[in-house]
Amino acid sequence: MNILHIHKDYPDGSAYPYTLAVDNLIRGCQDLKPGVVHTVLSINRTFNPFKVAVSSFEQGISVIYWAVPLPYLYHLSMKLSAYYIFNKIRHLKVDVIHGHKLTCEGVFSYYFSNKFNVPYVLSIRGGSDQHNLCRLSAHHKFFERVYKNATQIFWVSAWASKKFASILNVTDEQLQKSKLLPNICDIEQSKHMLICNERESYVTALSFHQYKRKGILELIQAIAQLKHLGVRLTLDIYGTGPKKIRDIILQKIEACGLSAQITLRGQVSQQVLREHMASSKGFLMPATNETFGMAYVEALSVGCPILYIKNTGIDGYFDHLDVGIGIGKQDVGEIKAALEYIELNNRELCQAVSQMVSKNFLADFTLTRVVTNYINTMGLVCSND
């Protein structure tokens, strides 16, 4: 089986930003299922037609394609780019195509599927796909066609399925044929978990340049409001970033009179961060537009309850479990109420997380489970074609 992966944020050696989720999936497949061939088409957009370029890298082909992000030119420019790119990859042997988002990679998958005469599957990531559906509302019928012509839909963002189904006129029957495809998480499930009264501070983690999206200033304000009510919470902030952003965060802490309660701990390894999560009362990250949020899963894996925003990140994976609290928006009042809830119910929340881990619920996020389910599904897609 030869899988062509189309991804916009792949680490292809170029200067464009990237994420590791799809790379982790592919490398996991190569380790556990070496008989399957994976070729990556890494795509990045340019507004300048003179910067269009094609090059090779270790895992496939990198293309800088031309497209105009204006709604009325979107469809035409994407179609032209699809024909250009296909002529650069037509020599590839392909059995199935995987577009790793609906509103960009999915469009190319739709066109390439006809050219290669093979089926295609789609992953849907709530954050960027939701942004594009809102921005490109005139093209909903086209995106509906792209969705419904896919042989299989994978939801990386579980919360997005019902919202997207409404926008794209997807029936309940069609929705039931889709599957969850969580990102692979590096987690520990055998670690001894501390009981509530052995836990102390709260924890959060972020790259400082994302401080607005992660809601760190609102979190600081909420802790300050609780202080005025006689509730003293301590918070350790892990991460690093530009000095000017670090200064903004420090100034907020000092202005709120929280220098003795909130500490910037700097950048640490994932292993060290998990150790601090394991002794924490809660992992607090009221982040907006979070595509998946691996940090939430890592926190739960070591027995740490979570604070998150609904309809983003991992919302939808844990709806039936009382392992933290979701809030509606990045609002100081809502965050304050959520912190009060976690503080008051910490024992019960820690016990619920511990029980969830002991029942092996988080196995669905491990490399072995994700890769096995993915390859089995892709095999069925090819055999049923």
Side-chain angles (χ1 to χ4, degrees), residues 185 187-189 191-206 211 214-227 229-239 249 253 256 258 261-265 268 270 272-288 290 293-310 312-315 317-319 321-358 361-362:
C185 300
I187 56 177
E188 300 175 66
Q189 299 185 86
K191 189 178 182 71
H192 170 69
M193 296 186 184
L194 300 177
I195 60 175
C196 176
N197 58 12
E198 294 176 318
R199 297 168 180 263
E200 296 178 355
S201 183
Y202 289 86
V203 168
T204 192
L206 72 154
Y211 78 104
K214 299 291 185 178
I216 189 66
L217 300 186
E218 290 83 358
L219 181 59
I220 293 168
Q221 286 180 260
I223 293 174
Q225 289 188 5
L226 287 176
K227 179 182 179 181
L229 296 176
V231 180
R232 188 180 188 279
L233 305 185
T234 57
L235 174 69
D236 292 324
I237 301 175
Y238 291 91
I249 296 171
I253 293 170
C256 290
L258 296 174
Q261 293 176 231
I262 301 179
T263 307
L264 299 188
R265 298 293 186 184
V268 297
Q270 188 181 46
V272 171
L273 178 58
R274 278 202 298 259
E275 290 174 1
H276 288 284
M277 287 175 172
S279 60
S280 169
K281 288 184 174 183
F283 178 72
L284 313 176
M285 195 168 75
T288 59
E290 195 79 6
M294 287 189 235
Y296 297 116
V297 180
E298 292 170 4
L300 292 172
S301 74
V302 293
C304 181
I306 57 176
L307 184 154
Y308 61 96
I309 291 184
K310 296 176 182 177
T312 188
I314 58 164
D315 193 26
Y317 282 100
F318 306 110
D319 289 351
L321 301 168
D322 189 19
V323 294
I325 183 167
I327 58 177
K329 56 185 177 179
Q330 214 173 60
D331 174 79
V332 174
E334 285 200 44
I335 297 172
K336 169 179 163 289
L339 292 176
E340 288 180 298
Y341 176 83
I342 294 176
E343 183 74 4
L344 184 64
N345 300 281
N346 203 245
R347 180 179 297 276
E348 291 78 12
L349 289 170
C350 290
Q351 289 174 344
V353 176
S354 179
Q355 289 173 5
M356 177 192 69
V357 174
S358 67
F361 182 85
L362 294 179

Could you tell me if the side chain of [Y] sits less than 4.5 Å from the side chain of [X], heavy atoms only?
| X | Y | answer |
| --- | --- | --- |
| I314 | I306 | yes |
| L362 | M356 | yes |
| Q221 | K336 | no |

[X] [atom1] to [Y] [atom2] distance, which is reported to the nearest 0.5 Å:
| X | Y | atom1 | atom2 | value |
| --- | --- | --- | --- | --- |
| D331 | I309 | CG | CD1 | 9.5 Å |
| F283 | L273 | CZ | CG | 6.5 Å |
| K227 | Q261 | NZ | CD | 5.0 Å |
| L349 | I342 | CG | CD1 | 6.5 Å |
| T288 | K329 | OG1 | NZ | 13.5 Å |
| M285 | L219 | CE | CG | 11.5 Å |

Nearest heavy atoms of [X] and [Y], plus distance in Å:
| X | Y | result |
| --- | --- | --- |
| L307 | A338 | CD1-CB, 3.5 Å |
| A222 | I335 | CB-CG2, 3.6 Å |
| A287 | T312 | O-CG2, 3.5 Å |
| C256 | I220 | SG-CG2, 4.1 Å |
| C304 | M277 | CB-O, 3.4 Å |
| E340 | L226 | CG-CD2, 3.3 Å |

Using a 3.5 Å distance criterion without hydrogens, assess whether the side chain of [X] forms a donor-acceptor pair with backbone atoms of [Y].
| X | Y | value |
| --- | --- | --- |
| S354 | G303 | no |
| Y296 | D315 | no |
| R199 | S280 | yes |
| E334 | G328 | yes |
| Q330 | P286 | yes |

**Message:** Just to verify, what does Q351 make a side chain to side chain contact (heavy atoms under 4.5 Å, CB included) with, not counting sequence neighbours?
**Reply:** R347

**Message:** Classify the ring geometry of F318 against F361: parallel below 30°, tilted from 30° to 60°, perpendicular beyond 60°.
**Reply:** tilted

Pair up each side-chain donor or acceptor in residues 229-239 with any protein partner under 3.5 Å, not counting sequence neighbours, and list the distances.
{"unit_1": "R232", "atom_1": "NH2", "unit_2": "A260", "atom_2": "O", "d": "3.4"}
{"unit_1": "T234", "atom_1": "OG1", "unit_2": "S201", "atom_2": "OG", "d": "3.3"}
{"unit_1": "D236", "atom_1": "OD1", "unit_2": "R265", "atom_2": "NE", "d": "3.0"}
{"unit_1": "D236", "atom_1": "OD1", "unit_2": "R265", "atom_2": "NH2", "d": "3.2"}
{"unit_1": "Y238", "atom_1": "OH", "unit_2": "H276", "atom_2": "ND1", "d": "3.0"}
{"unit_1": "Y238", "atom_1": "OH", "unit_2": "H276", "atom_2": "NE2", "d": "3.4"}

